[in-house]
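Counting convention: from 1, in listed order, for ligands and their atoms alike.
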Amino acid sequence: MSSACIPATSENDQAAALRVGGLTPMTTIDFPDALSAVIFTQGCNLRCQYCQNTHLLPTRSNEQLSWQDVEHFLQQRRGLLDAVVFSGGEPTLQKALLPAIRSVRTLGFQTGMHTAGTSPSRFSQVLAHLDWVGFDIKALPEDYREITGTASGDACWRSLDILLDSGTNHEVRTTVHWQLLPPEKLISLAEQLYQAGVRRFVLQNCRTQHCFNTDISPSWLDEQQKQAIYRELNALFPEFSTR
Ligand code: SF4
């Protein structure tokens with residue numbers, strides 16, 4: 001792709017520092033009721049055992065795309081796409097996130113973000129520039145180390161509070177591996193999420209192929225027990241779904 005025709009502004013210059021590990025040109029499932037492109041930021045400070053995006057975990061990669069190429073692509077999709085979603089990796093780790101989001105808004109797109117919220121200060125900074133957030137909560141704060149290999153639970157739950165206070169449109173979702181997050185822990189997590197103010201909750205069933213932890217066991221639960229949990233969550237949250 002060529003970077004011709006893109007005006008050189010200081011915002012573009014700052015956005016150019018964004019490390020991008022990949023781009024999905026069009027999707028219908030990453031931003032509600034909209035055709036969107038997804039920009040995958042490079043680098044994550046968590047190491048979730050079930051992570052499927054292991055190529056995005058290192059801070060840098062030889063496969064990175066330049067911001068100029070990403071922006072040139074988006075220029076050509078004006079009028080064809082509704083939204084652009086920043087995903088990862090963990091977008092909030094990068095200082096260039098805010099100028100990149102602003103550049104995308106200047107092009108006329110709605111903006112979304114998938115995040116685990118590991119950096120509450122940057123999350124707070126970018127939130128006003130986002131139309132929608134898909135917020136990944138991994139577990140109760142004290143259980144983060146078991147799933148993510150890090151003690152990041154308090155920071156991530158601070159970001160959740162910031163999101164819930166903001167009024168920004170969002171969904172909160174949890175990936176469940178039934179051995180890492182057994183039913184009793186999931187229910188306790190769901191109850192605390194509800195108490196915190198979560199009203200739209202999505203349970204994502206874990207896939208265990210090509211994970212960060214190559215020795216992870218398959219996620220398994222008796223179907224009847226699973227359906228009972230779904231009924232309980234359905235009764236708790238006004239909006240509940242699985243995927
Ligand atoms: S699944 Fe976990 S480790 Fe993988 S990109 Fe998301 S937050 Fe990072």
Checklist line | Donor-acceptor under 3.5 Å (Thr148 side chain, Thr150 main chain) | finding: yes
Check: Is there a heavy atom of Thr118 sitting under 4.0 angstrom from any atom of ligand 1?
Finding: no
Check: Of all the non-hydrogen atoms in the protein, which one sits nearest to atom 5 (S) of ligand 1, and at what distance?
Finding: Gly89 N, 3.6 Å
Margin query: Parallel, tilted or perpendicular: which one describes the rings of Phe201 and Phe240, with boundaries at 30° and 60°?
Written below: parallel
Checklist line | Residues, nucleotides or ligands: over 12 heavy atoms within 6.0 Å of Gln64 CD | finding: yes
Next item on the list: Answer with side chain, backbone, both or neither: which part of Leu56 has a heavy atom less than 4.0 angstrom from an atom of ligand 1?
Entry: neither
Check: How many protein N, O or S atoms sit closer than 2.8 Å to atom 2 (Fe) of ligand 1?
Finding: 1
Check: So, for Leu35 and Leu80, which heavy atoms are closest and what is the spacing to 0.1 Å?
Finding: CD1-O, 3.7 Å
Notebook entry, point to check: Salt-bridged, Asp131 to Arg105, with N to O below 4.0 Å?
Noted result: yes
Item checked: Charged N-O contact under 4.0 Å between Glu171 and Arg243 -> yes
Note to self: As an exercise, state the distance from CG of Leu181 to CD1 of Ile147, rounded to the nearest 0.5 Å.
What the structure shows: 5.0 Å
